[in-house]
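The structure presented is a predicted model; accordingly, all values stated were derived computationally and were not measured.
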Amino acid sequence: YYSVAVTVYNGIISIPRSINTLLLGETTSKEPRQASALTAKATRSIVAAMGMVAITLSSLGPWLIPFMYGADFSRAVIPVIFLLLSALLVGTSSAIQTYFASINRPGLSSIINLTVVTAALCTAPVLIIIAGINGMAIAVLSARAVGLTLSLLWFRRLTDIPIASAILFT
């Protein structure tokens, strides 16, 4: 059942990946202030696009999953919702981490991602015992929240762009 959730996740994560491919080329050719402003704009766009996709698919999931995979796969609905939220966090964080690479700080992304993996590996066994397949999705979502938080805090520190301005249309 969890593989259905991962399939949905892998499908929508292509949205920020495609934006970040363009973003890296653009930010590396700009001055730091312009690069950070462009990164914030791309991040806000990713939040909007991924948010709409996550809301839409989360709303339709309870009907689409049983329709597409059969009633037995209804158990996949909750992990799909958690992984859709995780994809939103990953997409947001990945745009910011693209900025880190563009200013020649790729090690920062590595440290953040290692922290995310460690958080997921530490919490997953306990959460799986408690909540079954939903526990893994919760562990991934929680770890991704840690990663986004660290990415935003570092972005703020390096750019002086307020966190809200980096992720929300204000």
Side-chain angles (χ1 to χ4, degrees), residues 5-6 8-59 78-124 126-127 134-170:
V6 172
V8 173
Y9 170 88
N10 285 332
I12 70 161
I13 204 66
S14 62
I15 296 168
R17 284 182 184 154
S18 62
I19 292 170
N20 291 335
T21 300
L22 295 171
L23 181 62
L24 182 60
E26 289 295 317
T27 54
T28 55
S29 66
K30 299 203 178 311
E31 294 297 319
R33 185 172 293 281
Q34 293 172 315
S36 63
L38 181 59
T39 299
K41 182 178 180 180
T43 302
R44 289 189 301 269
S45 297
I46 288 171
V47 168
M50 295 292 286
M52 288 186 286
V53 169
I55 289 168
T56 301
L57 292 178
S58 293
S59 300
I78 299 299
V80 164
I81 292 169
F82 282 123
L83 290 185
L84 285 168
L85 293 172
S86 179
L88 172 62
L89 301 181
V90 169
T92 305
S93 184
S94 67
I96 294 166
Q97 290 184 21
T98 298
Y99 173 77
F100 299 155
S102 78
I103 62 165
N104 202 26
R105 299 283 303 264
L108 191 50
S109 294
S110 297
I111 292 167
I112 291 169
N113 290 327
L114 284 171
T115 304
V116 168
V117 168
T118 302
L121 290 174
C122 290
T123 58
V126 174
L127 290 171
N134 295 340
M136 185 64 204
I138 294 167
V140 169
L141 177 60
S142 301
R144 294 300 186 177
V146 168
L148 176 58
T149 300
L150 292 172
S151 295
L152 287 169
L153 290 172
W154 273 103
F155 186 71
R156 170 76 172 116
R157 182 173 182 213
L158 294 171
T159 67
D160 289 330
I161 293 176
I163 290 173
S165 296
I167 59 173
L168 302 172
F169 288 103
T170 54

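- Between Leu85 atom CG and Ile55 atom CD1 the span is 9.0 Å, to the nearest 0.5 Å.
- Using a distance-only test at 3.5 Å, with no hydrogens or angles considered, no donor-acceptor pair links the side chain of Ser109 to the main chain of Arg105.
- For the pair Leu57 and Val80, the minimum side-chain heavy-atom distance is 4.5 Å or more.
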Evaluate Leu108 against Leu158 for side chain to side chain contact (heavy atoms under 4.5 Å, CB included), listing each step before the verdict. CA-CA 11 Å; Leu108 191 50; Leu158 294 171; 3.9 Å; yes

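- Residue Ile167 holds its CD1 atom at 6.5 Å from CG of Leu148, rounded to the nearest 0.5 Å.
- The structure places CZ of Phe82 at 7.0 Å from CG of Leu141, a figure rounded to the nearest 0.5 Å.
- Under the side chain to side chain contact (heavy atoms under 4.5 Å, CB included) test applied with Ile96, the options Thr43, Leu150, Asn20, Thr159 reduce to a single match, Thr43.
- Rounded to the nearest 0.5 angstrom, Tyr99 OH and Phe155 CZ are separated by 6.0 Å.
- Taking CZ of Arg44 as the reference point, atom CG of Leu168 lies at 9.0 Å (rounded to 0.5 Å).
- Side-chain contact between Thr92 and Met50: absent, with no pair of heavy atoms (C-beta onward) separated by less than 4.5 Å.
- Note that CD1 of Ile81 is 13.5 Å distant from OG of Ser86, once rounded to the nearest 0.5 Å.
- Looking at heavy atoms from C-beta onward, Val140 lies out of side-chain contact with Tyr9 at the 4.5 angstrom threshold.
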Check step by step if side chain to side chain contact (heavy atoms under 4.5 Å, CB included) holds for Val6 and Leu83. CA-CA 7 Å; Val6 172; Leu83 290 185; 4.1 Å; yes

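- A donor-acceptor pair shorter than 3.5 Å can be found between the side chains of Ser93 and Ser151.
- Between the side chain of Thr56 and the main chain of Val53, no donor-acceptor pair closer than 3.5 Å is present.
- Applying the side chain to side chain donor-acceptor pair (under 3.5 Å) test to Asn113 and every residue at least two apart in sequence or in another chain returns Gln97.
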Just do the side chain to side chain contact (heavy atoms under 4.5 Å, CB included) check on Thr39 and Thr98 with the steps written out, would you? CA-CA 8 Å; Thr39 299; Thr98 298; over 6 Å; no

